[in-house]
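Residue numbers start from 1 in every chain, and the chains themselves are labelled A, B, ... in the order their sequence lines are given, proteins ahead of strands.
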Number of protein chains: 2
Amino acid sequence: MPKETFLNLLPDKRSRIEEAAIDEFIAYPYDAAGINRIVEKAGIPKGSFYQYFEDKKDLYLHLLGRIVERKLEYLAPVMENPFQKEFFSLLREIYGAGLRFALSNPRLQRIGTRILADRNNPVLLEFLAASRGKSDVVFHRLLEAAIARGEIRRDIDIPMSAHLISELSQSVADYYLEREGARYDESYMEYVDRMIDFLRNGIGVPPDRGGQGDPGERHQKPDPPTAEGKDAR
Amino acid sequence: MPKETFLNLLPDKRSRIEEAAIDEFIAYPYDAAGINRIVEKAGIPKGSFYQYFEDKKDLYLHLLGRIVERKLEYLAPVMENPFQKEFFSLLREIYGAGLRFALSNPRLQRIGTRILADRNNPVLLEFLAASRGKSDVVFHRLLEAAIARGEIRRDIDIPMSAHLISELSQSVADYYLEREGARYDESYMEYVDRMIDFLRNGIGVPPDRGGQGDPGERHQKPDPPTAEGKDAR
DNA sequence: CTAGCATGTGACCATACGGTCATATGACCG
DNA sequence: CGGTCATATGACCGTATGGTCACATGCTAG
């Protein structure tokens with residue numbers, strides 16, 4: 001963790017250093033990221049940097065901590081009593097929170113993407129094993145509960161679905177950022193709703209039902225944007 | 001591209017160099033990969049290396065070329081007349097081919113994963129823009145055709161679905177490798193079938209139908225392992 | 001003004017990088 | 001044998017890396 005001297009810095013200077021470091025870790029994977037470029041961009045001498053951090057790894061882990069801390073600010077309110085919520089409306093809130101995080105902190109989101117790519121770097125191993133595995137486990141339990149409540153098909157492959165749902169959370173954010181940039185548009189929940197629809201109903205035409213009329217009404221609709229949930233069954 | 005001297009090498013020596021380079025690019029992102037480690041592992045002097053390749057980029061692009069070349073060997077037979085095949089059975093073949101490639105060439109697959117992480121490296125930009133974008137476009141067209149044939153819901157978000165389908169191809173291979181290692185088991189198509197089921201039917205319980213009996217039969221089944229396709233509708 | 005102490009600072013370290021090049025090697029030809 | 005050629009080789013180059021350290025600076029206390 002950073003040294004006391006770093007915490008005692010003027011907030012302005014402190015954040016100048018953090019921002020410079022974020023830029024660097026967006027542009028380069030861990031091994032290729034350079035302290036020299038960071039201190040230059042931050043406008044501090046190199047010696048000073050080592051007054052603030054033990055080494056490169058110290059800085060990196062500090063940044064990762066800041067990222068998860070920030071992301072949790074978005075996610076925590078949504079994750080209260082998750083087992084009491086209908087699965088898809090919970091998932092909708094989770095994806096929505098993830099997308100709001102990505103839109104409000106696009107640079108942090110990009111580091112997250114970069115990290116996934118660098119996943120076999122020793123520096124990241126413990127950090128990743130903890131946070132990434134956790135996500136799969138949470139969705140696994142949520143799926144089990146939802147199946148028990150009859151909201152989810154009983155015959156799905158739970159670990160695989162949990163894994164995909166967990167991955168798609170990153171995907172929807174990356175996809176939105178790539179398409180729309182960081183324009184913080186009100187329409188962002190439409191992407192989430194389409195994603196939820198994708199997960200809930202699949203893309204195949206429904207197999208049964210005599211009437212072949214209007215496909216739009218044959219599927220469960222996403223929750224209306226304002227409601228808290230609990231529509232289906 | 002490699003110099004003539006490289007092509008004239010004894011096949012044994014040539015592949016020793018390629019294998020060493022593959023190991024290096026699995027272990028490190030492009031910027032951090034080192035020529036010194038490669039030549040050491042390959043057991044050749046550094047000077048010799050530069051008789052064979054212009055520079056690091058030359059070697060890297062050569063390897064990428066080999067990877068796509070190899071992957072196409074698996075994919076090409078499947079992609080003949082793609083518009084004449086039923087969408088989900090084509091998709092099943094595509095995912096199956098991707099998984100067979102990953103299982104037979106796990107180290108090449110891992111480089112592929114690494115590349116995606118390194119996507120904003122200038123060396124990769126043109127290469128990636130071409131191959132990755134293409135994949136989305138192909139699925140986009142296939143989806144349109146399938147919708148016209150009534151195999152796919154008319155109300156899906158086509159670009160998003162194309163993107164997700166394209167991403168999930170990598171996901172299923174990574175997921176399998178992580179769970180089963182490179183054990184080339186006959187069961188690998190079960191993963192593909194579960195993935196296809198996931199895409200076709202979603203994970204939500206079907207919205208309609210009075211009878212609530214056995215969920216397994218309410219959905220369209222994947223093609224039987226041996227058949228070439230065209231079952232549904 | 002002096003002493004003590006936290007903090008700022010950039011020259012400097014060993015090491016490693018990608019890449020070069022003068023020279024050595026060895027095969028073929030006359 | 002001498003000459004010519006492609007190839008093999010590792011010492012070497014400039015540059016950059018992560019990290020260190022002796023010293024400078026400035027604040028507070030006596």
Side-chain angles (χ1 to χ4, degrees), chain A residues 1-18 20-64 114 118 121-125 127, chain B residues 1-18 20-64 114 118 121-124:
Chain A
M1 34 183 329
K3 301 181 182 177
E4 291 175 31
T5 49
F6 181 67
L7 305 173
N8 297 338
L9 248 36
L10 283 320
D12 169 67
K13 188 171 183 178
R14 201 166 56 215
S15 76
R16 234 174 47 232
I17 296 173
E18 287 182 342
I22 288 170
D23 285 342
E24 181 71 6
F25 285 116
I26 286 175
Y28 301 91
Y30 178 79
D31 286 320
I35 305 292
N36 294 332
R37 277 187 298 259
I38 294 176
V39 297
E40 189 181 355
K41 181 171 284 186
I44 61 168
K46 194 167 177 181
S48 296
F49 175 85
Y50 283 96
Q51 299 279 355
Y52 308 143
F53 296 96
E54 294 290 343
D55 49 25
K56 181 159 85 161
K57 175 178 166 183
D58 188 26
L59 165 67
Y60 193 54
L61 293 180
H62 168 68
L63 278 190
L64 295 197
R114 176 28 62 73
D118 240 352
N121 188 304
V123 175
L124 284 173
L125 273 189
F127 181 87
Chain B
M1 35 182 327
K3 302 182 182 176
E4 291 175 32
T5 51
F6 181 67
L7 305 173
N8 297 339
L9 248 34
L10 283 319
D12 170 67
K13 188 172 184 180
R14 200 167 56 214
S15 76
R16 236 174 44 232
I17 296 173
E18 287 182 342
I22 289 170
D23 284 342
E24 181 70 8
F25 284 117
I26 286 175
Y28 301 90
Y30 178 80
D31 286 320
I35 304 292
N36 293 332
R37 277 188 299 260
I38 293 176
V39 297
E40 189 180 356
K41 181 170 283 187
I44 61 167
K46 195 167 177 182
S48 296
F49 174 85
Y50 284 96
Q51 298 279 357
Y52 308 144
F53 296 96
E54 296 290 344
D55 49 25
K56 182 159 85 161
K57 175 177 167 185
D58 188 25
L59 165 66
Y60 192 54
L61 293 180
H62 168 67
L63 279 190
L64 295 197
R114 168 48 41 84
D118 240 353
N121 188 303
V123 174
L124 284 173

Scanning all shown strands, the Watson-Crick or wobble mate of dG30(C) with both distances under 3.5 Å is dC1(D)
Starting at atom CG of D55(A), determine the distance to atom P of dT17(D), rounded to an integer number of angstrom.
17 Å
What one should report as the nearest heavy-atom pair of K56(A) and F25(A) is CG-CZ, 4.5 Å
Spacing of K13(B) atom NZ and I44(B) atom CD1 [to the nearest 0.5 Å]
6.5 Å
NZ (K3(B)) with more than 12 external heavy atoms under 6.0 Å
yes
Would you mind reading off the distance between I44(A) atom CD1 and dG10(C) atom P, rounded to a whole angstrom?
11 Å
Please check the phosphate of dC17(C) (OP1 and OP2 only) for any side-chain N or O of N36(B) closer than 4.0 Å.
yes
Taking the side chain of Y52(A) as heavy atoms from C-beta outward, which of dG8(C), dG10(D), dG19(D) is closest to it?
dG8(C)
Closest to the P45(B) side chain, choosing from dG18(D), dT9(D), dG18(C):
dT9(D)
Rounded to the nearest 0.5 Å, what's the gap from CZ on F49(B) to CG on D58(B)? Could you check?
7.5 Å
Spacing of I35(A) atom CD1 relative to dA14(C) atom P, expressed in whole Å
21 Å
Value in whole Å for how far the P atom of dA8(D) lies from CG of N8(B)
9 Å
Among dG18(D), dT9(C), dA8(D), which is the nearest nucleotide to the side chain of S48(A)?
dT9(C)
Does OP1 or OP2 of dT9(D) have a side-chain N or O of Y50(B) closer than 4.0 Å?
no
Does A32(B) reach a base, just sugar-phosphate, or nothing at all? Heavy atoms under 4.0 Å.
nothing
Whichever of Y30(A) and G47(A) has its nearest DNA chain D nucleotide further upstream toward 5':
Y30(A)
Between R37(A) and dA16(D), is there a contact of a side-chain N or O with OP1 or OP2 at under 4.0 Å?
no
In whole angstrom, give the distance that lies between atom CD of Q51(A) and atom P of dG19(D).
15 Å
Between atom CZ in R14(A) and atom C1' in dT7(C), what is the gap in whole Å?
16 Å
How many Å lie between CZ on F6(A) and C1' on dA6(C), as a whole number?
17 Å
Using only modelled atom types and a 3.5 angstrom limit, is any donor from either the side chain of K46(A) or the base of dG18(D) paired with an acceptor on the other?
yes
Can you identify which nucleotide, out of dG8(C), dA8(D), dG19(D), has its nearest atom closest to the L9(A) side chain?
dG8(C)
To the nearest angstrom, the CZ-C1' distance between F49(A) and dG18(D) comes to 10 Å
Tell me, do H62(B) and M1(B) make a side-chain contact under 4.5 Å, heavy atoms counted?
no
